[in-house]
Amino acid sequence: EKGELDVGEGHVLHYRIYGNPNATATALFLHGGPGAGCFPNHARFFDPERYRVVLFDQRGCGSSTPKGEVKDNDTWRLVDDIEKLRLRVGVAR
């Protein structure tokens, strides 16, 4: 599964979901930076039978848009983006 999430302020996050869609555990993977983004091989760190794995490109990174943008891009907005993504993909707290 893949998708995009408009998080506001002109930023749209790109995400992909791998692994077991019925898993009781979900791993939300944060990539390094700056600007790198996620790659499908990042999902390999998790057992695909036991986990649903959510990979996403943070603001300004990877396939998220606008690429390379640093305006309205800070730690607290990243935390808020993660919460919006959690709700979008249905991950319990």
Side-chain angles (χ1 to χ4, degrees):
E1 175 185 343
K2 65 180 179 177
E4 293 183 336
L5 175 63
D6 185 338
V7 292
E9 301 172 313
H11 289 272
V12 177
L13 305 183
H14 174 81
Y15 67 89
R16 290 184 181 263
I17 301 175
Y18 298 91
N20 182 350
N22 300 312
T24 57
T26 299
L28 184 80
F29 182 83
L30 299 176
H31 63 75
C38 284
F39 300 96
N41 68 350
H42 286 134
R44 78 181 193 284
F45 296 119
F46 306 93
D47 180 344
E49 296 298 319
R50 294 185 55 210
Y51 291 93
R52 182 170 70 139
V53 182
V54 180
L55 306 180
F56 78 102
D57 296 334
Q58 299 166 31
R59 290 182 181 218
C61 299
S63 296
S64 292
T65 58
K67 190 168 182 81
E69 182 60 71
V70 294
K71 183 178 182 212
D72 299 320
N73 189 345
D74 57 40
T75 302
W76 294 115
R77 286 179 173 96
L78 170 61
V79 171
D80 189 50
D81 293 350
I82 293 168
E83 179 64 9
K84 289 175 183 174
L85 181 60
R86 180 187 73 77
L87 294 171
R88 163 65 71 84
V89 300
V91 176
R93 274 192 168 210

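Source: prediction; values computed, not measured.
The shortest heavy-atom contact between G10 and P66 is O-CD, 3.1 Å.
Using a 30° and 60° split on the angle between ring planes, F29 and F45 fall in the parallel class, below 30°.
Atom NZ of K2 is separated from atom OG of S63 by 9.0 Å, given to the nearest 0.5 angstrom. Taking CG from N20 and CZ from F46, the interatomic distance works out to 14.5 Å, rounded to the nearest 0.5 Å. Atom OG1 of T24 sits about 8.0 Å away from atom CZ of R50, to the nearest 0.5 Å.
In this structure E83 satisfies the salt bridge (charged side-chain N to carboxylate O under 4.0 Å, His left out) test together with R86, R93, sequence neighbours excluded. Annotation: side chain to side chain contact (heavy atoms under 4.5 Å, CB included) contacts of D6 (sequence neighbours excluded): V12.
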For a quick test of your reading: what N or O donor-acceptor pairs under 3.5 Å do the side chains of residues 35-44 make, sequence neighbours left out?
from, atom 1, to, atom 2, distance (Å)
H42, ND1, F39, N, 2.9
H42, ND1, F39, O, 3.4
R44, NH1, N41, O, 3.0

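Remark: side-chain polar atoms of H31 are paired, donor with acceptor, to backbone N or O of Q58 under 3.5 angstrom.
Clustering of Ile, Leu, Val, Met, Phe, Trp and Tyr by side-chain heavy atoms under 4.5 Å joins L13 with L5, V7, Y15, I17, L28, L30, V54, F56, L78, I82, L85, V89, V91.
For residues 65-82, the salt bridge (Lys or Arg N to Asp or Glu O under 4.0 Å) pairs, not counting sequence neighbours, are E9-R77, R59-D81, D72-R77, D74-R77, D80-K84.
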